[in-house]
**Q** 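This is the structure, below, for whatever I ask next.
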Amino acid sequence: MRVNLSVAIVAMVNNTAVGTNVTYSNDTCPFPINSSTSTTTDGPFNWDEREQGLILGAFFYGYVVTQVPGGRLAEMWGGKWLYGIGVLITAVFTLLTPLAAYTSVGVFTAVRIIEGLGEGVTFPAMHAMLSKWSPPNERSKMGSRVYCGAQVGTVISMPISGYMADRFGWESVFYVFGVLGILWFVGWAIFVFDSPDSHPTISREEREYIRKSIGTAHSTDVRPVPWKSILTSLPVWALVLTHISQNWGFYTLLTELPTYMKNILHFDIKENAFVSALPYFLSWFFSVSSSIVADAIIDKNVMSRSVTRKLFNSLGFCLPGIFLVLAGYSGCNVDSTIIFLAFAGGTNGLHYSGFMSTHLDMSPNFAGTLLGITNGFANIMGFLAPGFTGYIINQHQDLEHWRFVFFVAAIVYFAGNMIFVVFGNTKEQAWNSDEARRRSLDYEELATSDNEPD
């Protein structure tokens, strides 16, 4: 429901009307020979690139607001109902999207903001649930498998959205996914449980294994959030900046790739949607496969948890940056551009075994709150990245301006990874629990005694 607008907007906009004000240069790609056979027609809305950037980014104005509250509420009351009701709200307002779009840009934008408010609780709530379900040496696998569901959903929804928009009209995209969201909520309410202790059919052996593996790192009691310790923690702020850089690159691709495919490479909407889904299919593959390798490395003590996280994060940030630069220089070579952009999005999936698992490493008790903080700041990029792209390409649909967009995303990736490598920390923080605080004090006393003169 978050990504279907990225495809549907291609069919919603009257590009013929908007295109009369666009400046073209010699740095543009020619239309393919068979472009006349496309059945794509103009939509009813005369939104220029800036308005499209506003609409695409509106979801994230609401999304960032409920991040921290969502994480904390999930830690206090459990993530099941918080997550489920959040998605249900988004589903209901997805059904209202066509009516809102025909009413006005303002109403449409407001509906997208409300959808963001609903979905804003989802990732923090899921992190809070993972802290109760995932043994330390399985966090990469469990986190990647849970969160790569978003990539699988994108792989499925983008081609389907393109087909429905072309075959049945853009309105059908929102009606179908709104109904599916409501049906999903019913299944979630029946089959999902907050923790192993509340699950009615889990085996006794598995429940005990999870309890013993997590140990004292996660408390069964609801602890007050140590806000001062969290907000003055250098590793926390390193996570914030790393997450911000991740989301800048991710949302540049997520929200703008269909527009690039249509306006620069001249794909019709069905081809556009299929090709735009390729990065997310590869992301699913890389995230799942790399998580198995990462957990094996940690479990067998091949490398420390810290080195493993930073290695996979470096791969998940630097490879996408390199592929974006290559895409910027591939020009109108459609095959090369598609390959580079697909691998830019795909290799980014490696970050799930990097910084995305570090919240759980640092503080299982407050993993939901931590992710709410980092994801809240990071998803500001959800409207800044489309807004920035819209500003750069407004009335300039050419390779030069899109190349600049890709280069900025690559630089942000490189900078964010450097911050995580230098300042990131995977150790359980002293403020996570009383036991962690005692271990920290014992370590400090030992270090002090070792430094004292004989």
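Counting from 1, the numbers follow the sequence of the chain as shown.
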**Q** Between Phe407 and Tyr329, is the gap from one ring center to the other below 6.0 Å?
**A** yes
**Q** With under 30° as parallel and over 60° as perpendicular, where do the rings of Phe317 and Phe355 fit, or are they tilted in between?
**A** perpendicular
**Q** For Ser330 and Asn333, indicate whether the former's side chain and the latter's backbone hold a donor-acceptor pair under 3.5 Å.
**A** no
**Q** Is it the case that the ring center of His127 lies less than 6.0 angstrom away from the ring center of Tyr147?
**A** yes
**Q** Roughly how far apart are Leu278 CG and Phe343 CZ, rounded to 0.5 Å?
**A** 10.0 Å
**Q** Is Lys132 paired with Asp197 through a side-chain N to carboxylate O contact shorter than 4.0 Å?
**A** no
**Q** For this output row, return yes or no: ring centroids of Phe281 and Trp284 closer than 6.0 angstrom.
**A** yes
**Q** Looking only at atom types and distance, does a side-chain atom of Thr97 sit under 3.5 Å from a main-chain N or O of Phe93, one as donor and one as acceptor?
**A** yes
**Q** Using modelled atom types only, decide if a donor and an acceptor are shared between the side chain of Asp361 and the backbone of Lys427 within a distance under 3.5 Å.
**A** no
**Q** Using a distance-only test with no angle check, is there a side-chain donor-acceptor pair under 3.5 angstrom linking Ser283 and Asn348?
**A** no
**Q** Between Gln67 and Ile373 (side chain of the first, backbone of the second, donor and acceptor by atom type, cut-off under 3.5 Å), is there such a pair?
**A** no
**Q** Please check this pair: side chain of Ser306 against backbone of Thr426, looking for a donor-acceptor N/O pair closer than 3.5 Å.
**A** no
**Q** Between Asn137 and Arg305, do the side chains contain a donor N or O and an acceptor N or O under 3.5 Å apart?
**A** yes
**Q** Do side-chain atoms of Asn379 reach the backbone of Phe60 as a donor and acceptor pair under 3.5 angstrom?
**A** no
**Q** Using the ring centroid of each side chain, check whether Phe377 and His243 are separated by less than 6.0 Å.
**A** no
**Q** Do any N or O atoms from the side chain of Lys310 and from the backbone of Val421 form a donor-acceptor pair under 3.5 angstrom?
**A** yes
**Q** When you check the gap from the basic side-chain N to the acidic O, do Arg403 and Glu400 get nearer than 4.0 Å?
**A** no
**Q** Between Tyr251 and Phe59, does the ring centre distance come in under 6.0 Å?
**A** no
**Q** Donor-acceptor pair, distance only, cut-off 3.5 Å: does the side chain of Ser291 make one with the backbone of Val288?
**A** yes
